[in-house]
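Report on the following structure.
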Amino acid sequence: MLYQRPRGVNDILPEEVGRWQQAEATFRDLCRVYNYEEIRTPIFEQTDLFVRTVGENTDIVSKEMYTFEDRGGRSLTLRAEGTAPTIRAYLENHLQGQDPERLVKLYYLSPIFRYDRPQAGRYRQHHQVGAEAIGSPRPEVDAEIIQLSLTFFERLGLEEVTLLLNSVGCQQCRPQYVSALQEFVQPHLHQMCEDCQRRYETNPLRLLDCKNETCRQIMQQAPSMLDMLCDECATHFDRLQQTLDLLGIDYTIDPQIVRGLDYYTKTAFEFMAPGLGAQDSIGGGGRYDELIEQCGGPPTPAVGVGIGLERVLIAQQVAGAVEEVQPRQGVFVVTIGEQAWPEGLKLLTKLRAVGLKAEIDYRQRSVRAQLRYADSEGYQWAAILGEDELKQQSVTLRDMVSGQQESLPQSELITRLQVEDE
RNA sequence: GUGGGCGUAGCUCAAAGGUAGAGCACUUGACUGUGGCUCAAGUGGUUGGGGGUUCGAGUCCCCUCGUCCACCCCA
């Protein structure tokens with residue numbers, strides 16, 4: 001074998017593609033019901049789009065992007081996440097129209113590229129479905145996005161998904177919190193891990209979710225963002241919880257949820273599924289009220305979610321929510337002898353022309369071999385053509401489940417199969 | 001980016017320096033025009049790739065690629 005696929009990427013094979021299509025169709029249908037419209041943006045963007053929105057000091061930007069220069073010397077980056085390109089397209093194509101407060105609801109299905117060390121549930125190309133609601137500051141819209149996501153998981157048979165909820169504040173209150181946090185950490189900094197010493201400067205919020213034992217002990221006493229939210233953020237968070245309660249959605253408040261992208265404000269949430277090992281987050285999102293203005297648009301509040309399809313499919317498997325058995329379908333044309341072969345080809349063509357799945361054995365093997373193949377490939381019918389049938393202009397139709405067969409005129413075969421098909 | 005486990009037939013796995021094997025799958029036959037069960041035979045391998053040690057390497061050493069796990073991070 002001369003070639004193999006690049007590290008950390010997957011081929012999705014015919015036997016598994018049905019599960020992908022099912023998940024995709026489920027998401028599309030939910031989006032239709034929730035009134036989100038599909039948007040498709042390019043597979044690469046100007047590098048700056050990601051750098052400036054996701055944040056220069058995030059892991060995604062500092063070490064995980066697939067960045068390259070095109071022949072014109074432009075720096076481009078493969079889609080590293082879904083929100084920034086969607087917002088770029090929203091602004092560039094004036095989707096907000098004449099009404100600056102119009103609520104624009106978009107969804108996407110897209111590959112995402114991140115250069116990271118692969119392991120189970122983590123790949124260099126993965127696929128996300130996502131939804132963005134742009135133009136409303138209301139917490140009810142946050143709840144809608146969360147509800148849409150949870151319904152998606154539920155429809156795919158994932159019953160033990162948990163929702164972790166937090167608020168990360170806004171321009172008003174977060175800087176104060178960050179200073180408070182730094183002030184708290186400062187005296188302990190020398191005992192903390194290298195990463196945290198770096199985070200202290202570059203991304204202090206991430207100090208909160210360090211897994212290092214010593215760091216965790218120290219951070220347990222740290223002030224909580226939730227205690228320092230400004231009035232607006234606190235009210236928003238309260239009302240989001242009230243709405244979730246109203247809609248019967250369970251959640252756990254977790255002040256550790258920070259999210260790895262800098263643009264989040266107020267609401268941040270994450271969905272966890274059991275059985276995925278270290279990579280147990282199957283989706284996440286939040287509000288990003290400052291992002292659109294930062295991209296050069298008018299101040300526009302928005303909220304969104306991104307869900308990892310690979311992980312959802314793994315979680316489905318772990319949960320035993322995978323139903324495999326495909327119903328039998330189609331006709332296998334069995335020909336016996338040289339005379340029957342051309343008639344078989346003609347019959348095959350007619351069957352296909354009316355939309356029936358039909359196949360023939362181009363190797364013209366024994367009846368035995370043809371029937372065995374028809375059986376193992378899951379055909380519902382065998383249409384047998386041999387000398388006897390040719391003489392009578394008939395065909396022998398065999399039911400591959402019951403084994404019963406009958407002789408009928410060739411002219412009636414198609415109508416007969418179409419009736420059976422219903 | 002760091003540390004560790006593993007790469008042998010299409011698949012799941014044996015072979016502890018001495019002839020590369022089994023089960024399943026596949027093909028053919030028993031059954032000269034009938035699948036599933038049974039039985040028999042057969043096809044199938046540069047042991048991930050490259051280099052080295054050795055009379056001799058799937059096995060030991062080095063490099064490399066891939067994969068899995070943990071860290072990190074995320075979906």
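In the text below, chain A, chain B and the rest are named by the order of the sequence lines, each starting its count at 1. This is a predicted model, so every value here is computed, not measured.
The gap from the P atom of A57(B) to that of U19(B) amounts to 12 Å, rounded to the nearest Å. The same atom, C1', is picked in U8(B) and in G49(B); the two are 14 Å apart, to the nearest Å. The C1' atoms of C26(B) and C61(B) are separated by 39 Å, rounded to the nearest whole Å.
Straight-line distance from the CG atom of L261(A) to the C1' atom of A75(B): 11 Å, rounded to whole Å.
Residue-level contact check: E81(A) touches neither bases nor backbone, having no heavy atom under 4.0 Å from any strand. Using a 4.0 Å heavy-atom cutoff across all strands shown, A369(A) reaches sugar-phosphate atoms only and no base atom. Among the heavy atoms of the strands lying under 4.0 Å from Q279(A) is at least one base atom, whether or not backbone atoms are also near.
Checked by distance alone, R117(A) brings no side-chain donor or acceptor within 3.5 Å of a matching partner on the base of C71(B). Interface remark: the R368(A) side chain does not form any donor-acceptor pair with the U34(B) base, using a distance-only criterion of under 3.5 Å. Below the 3.5 angstrom threshold, one finds no donor paired with an acceptor across the side chain of E377(A) and the base of G35(B).
Under the 4.0 Å criterion applied to side-chain N and carboxylate O atoms, R287(A) and D289(A) are assigned as salt-bridge partners.
Cation-pi geometry between K357(A) and Y379(A) is met: the NZ or CZ atom falls under 6.0 Å from the ring centre, inside 45° of the normal.
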